[in-house]
Number of protein chains: 2
Amino acid sequence: MTNRSLLTKQKLLDAATDIIMEQGVHHLTLDEVAKTAGVSKGGLLYHYPSKEALLTAIVERLQTEQNELYESLQTEGNGPVEAFVRLFDETKLHPERSAIHIDAEKMIAFLTLFAVDQEYAERWKHDLDTFFAQFQQTSDPVETMIIRYALEGMMMSEHFNVGVAPPALKQDIIARLIERARNIDSGKTD
Amino acid sequence: MTNRSLLTKQKLLDAATDIIMEQGVHHLTLDEVAKTAGVSKGGLLYHYPSKEALLTAIVERLQTEQNELYESLQTEGNGPVEAFVRLFDETKLHPERSAIHIDAEKMIAFLTLFAVDQEYAERWKHDLDTFFAQFQQTSDPVETMIIRYALEGMMMSEHFNVGVAPPALKQDIIARLIERARNIDSGKTD
DNA sequence: GAGAACAAACCGTCTGGTCGGTACAGAAAG
DNA sequence: CTTTCTGTACCGACCAGACGGTTTGTTCTC
């Protein structure tokens, strides 16, 4: 795996993610990805021998980025629940963190892949299940799940730009979620 | 619009919705819809002259069903926020209501259509925006939005069967959401 | 029998994937 | 040093199947 090869692969994954975010999955064709990345179709298929392989690579990179950021947020002193809340808002709070930058838009691109094909979603179910299992063992599982669901719902809403909260309200929402997450992490049953 | 015609149209919409729910949008082909509905492709295109028209009809029917149920929940004495919460759980609470039955699965099928194509989503943005606008004018907009987002997130999670809460926990979650919705509707700032 | 409701063969386009070939960097051979 | 060979990275024409939509013909209903 030379440096050049790695760079091309990055360009291809970036292009594919961009297309999903900006145009929706059904415009994600191999020709379009190749064109956007400035690579020929043959070049694309040299690195990712099938569309399936390309999609898999997208999801894997996304998962890796997300895990790295989540870990780093926890080692900075956030409890597991608060870290999860901040995961969704990290882009706005610390834009300088762009190296491990992962924002809601990308996560939606990820979820969108699931929406397209149930069969495909099944393959990733286990990984996500184990990740979310921890949220059922906090000091207040009910509130923890509400927080988690609220963040996911907010993500969806913003992606589809449907009934979104104005910025000020959104900030208040995040603030309240963080406050509750803190209480849960510190063991207060509220 | 004869009775026979209406029946076939229903069958087609049902088939299309089922396919989206069970197999994902990318298996939603005209041939598949026709086959599932027990109608020929020509028959399908007689009623819905294009795939676009079929999708539009699906979304419109879904919106109508949802609005009817929401209205009826409100006239039964629920406040606007509580009615919204119950909208998501209605299937389990009152299965006999199947005439205007709309469950989370169907709403996801609906959202999934948006995920596939941004352009398509734009067409429905306005309707949804006006519906959700009321949730920013309750006695506690922050909490109201959290409830709304949580319900949407839960819906997503259940659809993709990813990190779902066990039934008991889920009931507790709904119960707590209803409790808070009641407080908001009755004007308590909590 | 007339129009509505459907059937089925057919067509053009789009798209995932194949395939033969090119460019080039370095290793091996002379 | 130069020639030959080899493997990596990439190109772009082409193909086969899938899919949306058309056309033409048939059946059902009133």
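Order of the sequence lines sets the chain letters (A, B, ...), proteins ahead of strands, with each chain counted from 1. Owing to the predicted nature of the structure, the values given are computational and were not obtained by experimental measurement. All values below were derived from every heavy atom in this structure, side-chain atoms included, with hydrogens, water molecules and symmetry-related copies excluded.
Rounded to an integer number of Å, the gap from CD of Glu32(A) to C1' of dG16(C) is 15 Å. Atom NZ in Lys11(A) sits about 14 Å away from atom P in dA9(D), given to the nearest Å. Straight-line distance from the OH atom of Tyr48(A) to the P atom of dG16(C): 17 Å, rounded to whole Å. The interatomic distance linking Leu7(B) (CG) with dT29(D) (P) rounds to 13 Å, in whole Å.
Heavy-atom neighbours of Gln171(B) CD from other residues, nucleotides or ligands within 6.0 Å: at or below the threshold of 12.
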| message | Does the protein touch nucleotides 10-19 of chain D at the base, only the backbone, or not at all? Give it as B, S and - per nucleotide, heavy atoms under 4.0 Å. | response | BBB------S
| message | Could you go through Glu65(A) and Leu62(A), starting from their C-alpha distance and side-chain angles, then the distance that decides it, and tell me whether this counts as side chain to side chain contact (heavy atoms under 4.5 Å, CB included)? | response | CA-CA 5 Å; Glu65(A) 285 175 349; Leu62(A) 222 41; 3.8 Å; yes
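Using a 4.5 Å cut-off on side-chain heavy atoms (C-beta onward), Met154(B) and Met145(A) make no contact. Looking at Glu82(A) and Ile178(A), their side chains come closer than 4.5 Å, going by heavy atoms from C-beta outward.
With sequence neighbours left out, the salt bridge (Lys or Arg N to Asp or Glu O under 4.0 Å) criterion links Asp127(A) to no other residue. Taking Phe84(B) as the reference, Phe88(B), Phe135(B) meet the ring-ring contact (aromatic ring centres under 6.0 Å, His included) condition, with sequence neighbours excluded.
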